[in-house]
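Chain identifiers are assigned alphabetically (A, B, ...) following the order of the sequence lines, protein sequences preceding nucleic acid strands; residue numbering begins at 1 within each chain. This one's a predicted model, so the numbers in the text were calculated from it and none came from an experiment. Both backbone and side-chain heavy atoms feed into the values below; hydrogens, waters and symmetry mates do not.
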2 protein chains.
Amino acid sequence: MQKNYQQKTLGILGGGQLGRMVIQSAINYNIDIHILDPDSNAPCKTICQKFVQGSLTDFDTVYAFGRECDVITIEIENVNTDALAKLAKEGKEVYPQPHLIKLIQDKRSQKSFYEERGIPTAEFILTENKEDVHLQVDFLPAVNKLGREGYDGRGVQILKSKEELHKAFDAPGLLEKLIDFEKEISVIVARNKQGEVITYPSVECSFHPTANLVEFLFAPAEISPELEQKAQEIAKKVILELDLIGILAVEMFVTKEGEILVNEIAPRPHNSGHHTIEANFTSQFEQHLRAVLDMPLGNTDLRCPAAMVNLLGEDGYSGEAFVEGLDEAIRQKGVYIHLYGKKLTKPFRKMGHVTLLDENVEQLKQRAKEIKEIIKIKA
Amino acid sequence: MQKNYQQKTLGILGGGQLGRMVIQSAINYNIDIHILDPDSNAPCKTICQKFVQGSLTDFDTVYAFGRECDVITIEIENVNTDALAKLAKEGKEVYPQPHLIKLIQDKRSQKSFYEERGIPTAEFILTENKEDVHLQVDFLPAVNKLGREGYDGRGVQILKSKEELHKAFDAPGLLEKLIDFEKEISVIVARNKQGEVITYPSVECSFHPTANLVEFLFAPAEISPELEQKAQEIAKKVILELDLIGILAVEMFVTKEGEILVNEIAPRPHNSGHHTIEANFTSQFEQHLRAVLDMPLGNTDLRCPAAMVNLLGEDGYSGEAFVEGLDEAIRQKGVYIHLYGKKLTKPFRKMGHVTLLDENVEQLKQRAKEIKEIIKIKA
């Protein structure tokens with residue numbers, strides 16, 4: 001007799017938009033979801049079975065939260081992994097595994113892991129402080145990254161030349177050779193306890209020039225079948241080398257020389273997979289559930305070419321969010337709005353996203369740019 | 001500047017699976033949903049912004065509930081329409097309009113409306129009681145329907161001959177000529193305040209032999225383009241003659257003579273539209289929201305042929321529901337599970353549904369039958 005998922009309680013650390021979209025999938029399986037988030041107005045607050053307001057980094061808070069769940073997972077990496085390790089030791093199912101969250105939390109251990117396991121990545125030097133960085137003039141131009149707590153564009157900067165060295169982060173981090181890349185792509189890969197491994201077709205990301213956030217995403221990525229296969233193999237290698245159970249987003253550079261280098265990874269649903277809700281046979285959010293609950297993994301084929309546009313808080317507006325242009329946008333065929341339930345907007349805050357479906361890839365790109373002009377998040 | 005849907009509170013009378021799937025769509029638009037339902041464990045209970053336990057037919061309860069909402073709609077017809085009328089009179093937006101819910105609540109007024117407006121429907125006779133029915137021997141074989149509160153197969157029976165007349169309902173109802181139909185089809189049509197009217201492609205329903213519930217549904221219906229167009233026109237005529245704002249399911253018979261007759265209508269999301277979540281560009285649940293909130297209506301094209309299988313409580317099992325065969329089913333490409341969050345099962349209770357997508361229509365039919373054998377709701 002099959003397992004009945006209604007009998008399991010899934011705890012998610014983090015109650016933001018990723019958790020919110022996981023819940024939208026979980027509803028179809030009657031999965032009880034408990035959410036822990038520091039924000040009393042977190043996007044998941046009113047749609048989960050239990051909401052606990054509390055710190056994700058406090059040992060006692062995370063431990064107490066996890067005690068009431070059967071399976072515990074994350075939607076953000078910056079959590080207390082010691083508490084998760086204790087819960088796992090006591091028999092709770094914690095996916096991704098705590099030691100892997102810890103490894104990925106720090107870009108330094110992440111990079112060292114790639115090096116050890118022969119996973120292609122940009123050349124790098126670990127730095128402990130400002131002075132360390134200053135010694136690396138010959139290594140420039142380079143990307144200076146903070147080891148921990150850099151996300152959504154923060155904790156990452158380019159140091160082009162000696163003159164910019166004064167900006168160097170004065171904390172443990174790294175310097176990475178600035179890659180003159182052709183494209184940035186991402187492959188999402190999932191693995192369950194039974195050992196099934198399934199990848200999504202790679203997608204192409206284009207970043208916001210200043211905010212360093214994904215602005216547009218196109219699926220599938222326009223790369224050769226050879227590169228596509230290489231990207232798929234690298235994503236599989238990463239999840240297998242990690243021995244990770246759950247879902248993993250593998251962001252990669254395609255260099256002008258046709259090399260593929262792993263940039264960063266995220267062990268959770270990822271911005272580069274939002275389009276899968278409408279564009280693929282199984283969404284990354286359902287796939288995440290399937291992986292951590294040890295359900296069979298779902299088919300990941302693309303049903304239709306898609307574009308994803310992040311709806312970022314308009315620069316210059318802060319306060320109660322107001323969505324402009326919604327009617328005009330949703331009149332169009334194949335336009336899907338996803339607002340994240342955030343009451344307050346601020347410049348570049350992720351307030352939602354739009355997925356577009358269009359069999360005509362050229363048209364798709366044009367429409368994505370238009371949608372970005374039509375919908376504005378103001379206050 | 002466009003309306004911001006985050007600023008409106010939508011009240012739904014009824015918190016069952018239809019409301020649940022409406023909420024899954026509403027999450028994408030940050031729409032606050034209040035639910036009124038008599039069942040303290042209603043499927044919507046834990047995923048709405050406010051849940052009120054109370055009677056849908058009690059004037060004061062419905063009125064008090066509606067006072068706190070901006071827009072009020074339904075997911076079941078059996079509600080107190082006087083309270084809704086008062087709310088509308090006081091400026092609340094109530095869609096579908098209360099007098100139309102009232103008209104549709106009673107199959108007698110429904111049928112009379114078709115007759116008055118020249119909407120093709122099976123010949124019928126209104127009956128006040130058992131004795132009335134007994135006088136209609138010459139009208140047999142006929143379908144004997146209760147005027148009010150017959151749903152999910154209840155309140156409807158076939159009277160083949162004089163010998164069966166003793167079964168006649170002893171309450172206001174009607175006798176309808178038994179139609180020797182070729183197919184049963186359904187067309188869902190939506191209309192918003194601006195007057196936009198959009199229909200979905202027709203679907204074909206096959207009913208459970210004994211439970212008189214939709215067992216399988218196939219989209220698109222296999223009918224000639226001429227019949228398809230006729231069905232679309234009839235659905236539009238019905239919603240326009242009603243002057244209804246919201247969504248309307250129009251169930252029709254296709255007779256062996258190629259006639260189309262309206263059987264029944266439902267002014268809400270309907271079982272015959274569940275497949276639209278995955279199979280159409282806009283789901284019936286989002287379309288319902290768009291219609292009642294006066295948003296532009298969405299495109300209804302079919303993305304892929306689909307089948308829908310209702311998951312009914314297995315005959316002979318009552319108690320805490322247990323889903324058998326889930327893993328085997330979700331291994332398949334294009335299989336979508338929707339469980340309704342009902343803790344207790346009983347014979348033929350609607351516990352969920354499965355949507356299948358398959359470009360190959362013959363394969364689709366075969367797979368639908370297989371899925372029905374794979375998944376069992378037991379206790």
Chemist: In terms of heavy-atom proximity below 4.5 Å to chain A, should B:Leu357 be classed as side chain, backbone, both, or neither?
Modeler: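 The answer is the side chain of B:Leu357.
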
Chemist: CZ of A:Arg331 to CE of B:Met295: how many Å apart, nearest 0.5 Å?
Modeler: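 Output value for this atom pair is 11.0 Å.
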
Chemist: Using salt bridge (Lys or Arg N to Asp or Glu O under 4.0 Å) as the criterion, list what pairs up with B:Lys372, not counting sequence neighbours.
Modeler: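 Testing B:Lys372 for salt bridge (Lys or Arg N to Asp or Glu O under 4.0 Å), a comparison that skips the adjacent residues, returns B:Glu215.
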
Chemist: Within a reach of under 6.0 Å around OH of A:Tyr317, are more than 12 heavy atoms found that belong to other residues, nucleotides or ligands?
Modeler: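 Check fails, neighbour count at 12 or below.
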
Chemist: Closest heavy-atom contact between A:Asn30 and B:Gly341?
Modeler: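 So the minimum-distance heavy-atom pair works out to OD1-N, 2.7 Å.
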
Chemist: State, to 0.1 Å, how close A:Arg303 and B:Ala279 come at their nearest heavy-atom pair, and which atoms those are.
Modeler: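 Heavy atoms only, the tightest pair is NH2-CA, 4.5 Å.
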
Chemist: With sequence neighbours excluded, tell me which residues meet salt bridge (Lys or Arg N to Asp or Glu O under 4.0 Å) with A:Glu68.
Modeler: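 In terms of salt bridge (Lys or Arg N to Asp or Glu O under 4.0 Å), with neighbours along the sequence ignored, A:Glu68 is linked to A:Lys50.
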
Chemist: Starting from the C-alpha separation in whole Å, work towards a yes-or-no answer on side-chain hydrogen bond (donor to acceptor under 3.5 Å, both in side chains) for A:Asn299 and B:Gln332.
Modeler: CA-CA 8 Å; A:Asn299 176 285; B:Gln332 298 181 30; over 6 Å; no

Chemist: Taking the side chain as everything from C-beta on, heavy atoms only, tell me whether B:Ile47 gets closer than 4.5 Å to A:Gln49.
Modeler: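 Touching, per the 4.5 Å side-chain cut-off.
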
Chemist: Under 4.5 Å, counting heavy-atom pairs only, tell me which of A:Thr282, A:Val335, A:Asp301 racks up the most with chain B.
Modeler: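 The option with the most such pairs is A:Asp301.
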
Chemist: What part of B:Tyr336 gets closer than 4.5 Å to chain A, counting heavy atoms only: side chain, backbone, both or neither?
Modeler: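 Side chain only.
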
Chemist: For chain B, which of A:Glu286, A:Arg290, A:Glu320, A:Glu196 has the most heavy-atom pairs under 4.5 Å?
Modeler: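 Looking at each option in turn, the highest pair count goes to A:Arg290.
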
Chemist: Are any non-hydrogen side-chain atoms of A:Tyr340 and B:Ile27 less than 4.5 angstrom apart?
Modeler: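 A:Tyr340 vs B:Ile27: side chains apart.
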
Chemist: Can any side-chain N or O of B:Asn28 pair as donor or acceptor with the backbone N or O of A:His338 at less than 3.5 Å?
Modeler: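 Not at all, since once roles are kept as given, no pair shorter than 3.5 Å links the two residues.
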
Chemist: Does B:Lys376 have more than 12 heavy atoms from other residues, nucleotides or ligands lying within 6.0 Å of its NZ?
Modeler: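 Result for NZ/B:Lys376: enclosed.
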
